[in-house]
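Okay, so here's the structure we're looking at.
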Amino acid sequence: MSAIVGLELGTLNTAQATTFTETASDQGWWAAEGGVNGGNSNDNTNYITGSIRITDLRNFFKFDLGNLVGVTSATLQIQRFLGSGNPTETLGFFDVSTPANVLSQKKNSPNNTIYNDLGSGKNYGTFNVTTSGDPNEILSFALNSNAIADINARSGNFFSIGGALLGDLNEEYLFSESGSQGFAKLVVDTNSTPVPEPSALGGIVVVSVGGWWLKRKRKASLRNKN
């Protein structure tokens with residue numbers, strides 16, 4: 001009886017919110033076929049997106065989630081660098097079905113399949129971004145419930161985000177001249193649940209029950225003597 005009660009109390013837990021920041025393990029761009037400057041290289045971490053020099057580009061950010069679980073909110077942080085075009089452009093973020101290892105083979109750009117993948121599917125959020133501003137500014141994009149659900153589903157694996165400027169583009173782009181000095185970050189809030197050792201609480205219960213049993217035994221012994 002005492003062992004069962006101790007075990008049940010030992011598995012009680014207390015939820016605690018924790019914030020984690022993950023730095024992108026890779027980032028870059030893929031071009032649509034038919035452009036003038038669609039060639040790329042695996043070590044290029046520039047994440048320009050839009051249309052430049054008659055070439056359509058979309059970017060991606062890849063994160064190794066490790067054992068991250070219980071995510072309740074997620075914010076993508078990206079350095080602004082340089083932009084051009086309308087005063088404000090519409091930037092969309094999307095899920096990525098291209099495998100993480102294939103996504104990093106940027107030397108295979110241009111590729112229409114991957115280019116299309118980076119700007120379609122489940123939407124993670126749509127934002128208005130000004131094309132001018134301090135190149136060193138860190139832009140924060142609060143991702144929606146689609147992204148949060150996919151982050152939780154990808155625990156223990158890579159999680160990738162595709163970025164695309166939306167609408168008809170003509171020499172309009174964001175994040176030009178970005179690179180290795182400006183890796184994206186994914187800031188997430190989680191509900192972590194530390195579980196105490198069963199013996200920590202269970203031992204107290206066992207001692208208490210054991211003491212109660214000994215007390216009753218002593219009383220019975222005294223009655224027998226009388």
Side-chain angles (χ1 to χ4, degrees), residues 23-64 76-133 135 137-139 141 143 146-147 150 154 157-186:
T23 301
S25 59
D26 196 14
Q27 62 188 27
W29 55 260
W30 284 78
E33 297 171 20
V36 174
N37 296 292
N40 202 351
S41 62
N42 289 353
D43 60 355
N44 181 17
T45 54
N46 182 299
Y47 50 89
I48 186 173
T49 184
S51 174
I52 184 171
R53 293 190 290 274
I54 321 178
T55 304
D56 293 331
L57 307 169
R58 289 175 176 170
N59 62 18
F60 74 90
F61 307 95
K62 184 174 75 174
F63 299 91
D64 184 354
L76 180 65
Q77 295 184 338
I78 311 174
Q79 188 172 336
R80 176 188 289 278
F81 288 98
L82 302 179
S84 183
N86 297 320
T88 301
E89 298 286 351
T90 302
L91 174 65
F93 292 112
F94 300 88
D95 75 323
V96 178
S97 60
T98 303
N101 61 326
V102 175
L103 200 59
S104 291
Q105 294 300 308
K106 293 168 278 189
K107 65 182 181 180
N108 293 325
S109 177
N111 183 291
N112 280 345
T113 299
I114 296 178
Y115 172 85
N116 290 331
D117 183 27
L118 298 179
S120 62
K122 281 186 286 187
N123 179 269
Y124 287 164
T126 302
F127 307 88
N128 293 324
V129 183
T130 57
T131 52
S132 62
E137 180 185 3
I138 303 300
L139 305 178
F141 304 96
L143 304 180
N146 288 333
D150 284 354
R154 296 293 297 171
N157 296 284
F158 285 100
F159 169 73
S160 301
I161 301 173
L165 286 192
L166 306 180
D168 295 328
L169 305 177
N170 181 20
E171 292 299 308
E172 302 165 47
Y173 53 85
L174 296 173
F175 313 122
S176 176
E177 298 187 19
S178 53
S180 58
Q181 71 275 28
F183 269 79
K185 297 183 184 300
L186 185 66

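Any value given below was found using the heavy atoms of this structure, including those in side chains, with hydrogens, waters and symmetry copies removed. Remember, it's a predicted structure, so these values are computed and weren't measured experimentally.
- Between the CZ atom in F183 and the OG atom in S178 there is a gap of 10.0 Å [rounded to 0.5 Å].
- A donor-acceptor contact shorter than 3.5 Å is absent between the side chain of K107 and the backbone of D43.
- With sequence neighbours left out, the side chain to side chain donor-acceptor pair (under 3.5 Å) criterion links S84 to no other residue.
- Rounding to the nearest 0.5 Å places CG of N42 at 4.5 Å from CD of Q105.
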Audit row: F158, D26, side-chain contact (heavy atoms from CB on, under 4.5 Å) steps and yes/no: CA-CA 10 Å; F158 285 100; D26 196 14; over 6 Å; no
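- Formation of a donor-acceptor pair under 3.5 Å by the E33 side chain with backbone atoms of N112 is found in this model.
- Taking N86 as the reference, E172 meet the side chain to side chain donor-acceptor pair (under 3.5 Å) condition, with sequence neighbours excluded.
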Worked verdict on T88 versus N128 for side-chain hydrogen bond (donor to acceptor under 3.5 Å, both in side chains): CA-CA 6 Å; T88 301; N128 293 324; over 6 Å; no
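- A distance of 7.0 Å separates CG in L166 from CG in L91, rounded to the nearest 0.5 Å.
- Here the shortest heavy-atom pairing between P110 and A32 reads CB-O, 3.5 Å.
- Counted within 6.0 Å of CG on D168, heavy atoms from surrounding residues, nucleotides or ligands total 12 or fewer; the atom is thus considered open.
- L76 is listed as a side-chain neighbour of F63, based on a closest heavy-atom distance under 4.5 Å.
- With a 6.0 Å radius and a threshold of 12 heavy atoms from other residues, nucleotides or ligands, I138 has its CD1 atom above the threshold.
- Of all heavy-atom pairs spanning F94 and S120, the tightest one is CB-O, 3.4 Å.
- The shortest side-chain heavy-atom distance between F81 and Y47 falls under the 4.5 Å cut-off.
- Shortest non-hydrogen contact noted between V96 and G162 is CG2-N, 3.3 Å.
- For the residue pair E89 and T131, the shortest heavy atom distance occurs at CG-CG2, 3.5 Å.
- W30 pairs in a side-chain contact (heavy atoms from CB on, under 4.5 Å) with only one of the listed residues (N108, L57, N40), which is N108.
- Between the OG1 atom of T90 and the CG atom of L174 there is a distance of 9.5 Å, given to the nearest 0.5 Å.
- The shortest distance between side-chain heavy atoms of S109 and W29 falls below 4.5 Å.
- The backbone N or O of S132 sits less than 3.5 Å from a side-chain atom of R80, completing a donor-acceptor pair.
- In this structure, CG in D56 is found 9.5 Å from OG1 in T49, a value given to the nearest 0.5 Å.
- Nearest heavy atom pair, residue S51 against residue L169, reads CB-CB, 3.8 Å.
- Using a distance-only test at 3.5 Å, with no hydrogens or angles considered, no donor-acceptor pair links the side chain of K62 to the main chain of S104.
- Shown are T98, N59, L103; of these, the side-chain contact (heavy atoms from CB on, under 4.5 Å) with L118 is made only by L103.
- When side chains are defined from C-beta on, Y173 does not count as touching R53, because their heavy atoms never get closer than 4.5 Å.
- The one candidate from I78, L139, L165 that meets the side-chain contact (heavy atoms from CB on, under 4.5 Å) condition with V129 is L139.
- Panel note: side chain Q79, backbone P135; a donor-acceptor pair is recorded below 3.5 Å.
- Put simply, OG1 on T130 and CD on E137 are 7.0 Å apart, with the number rounded to the nearest 0.5 Å.
- The closest side-chain heavy-atom distance from I161 to F141 is not below 4.5 Å.
- In plain terms, the two heavy atoms of T113 and N111 that are nearest each other are N-OD1, 3.0 Å.
- Looking only at side-chain heavy atoms (C-beta outward), R58 and I114 stay at 4.5 Å or farther from each other.
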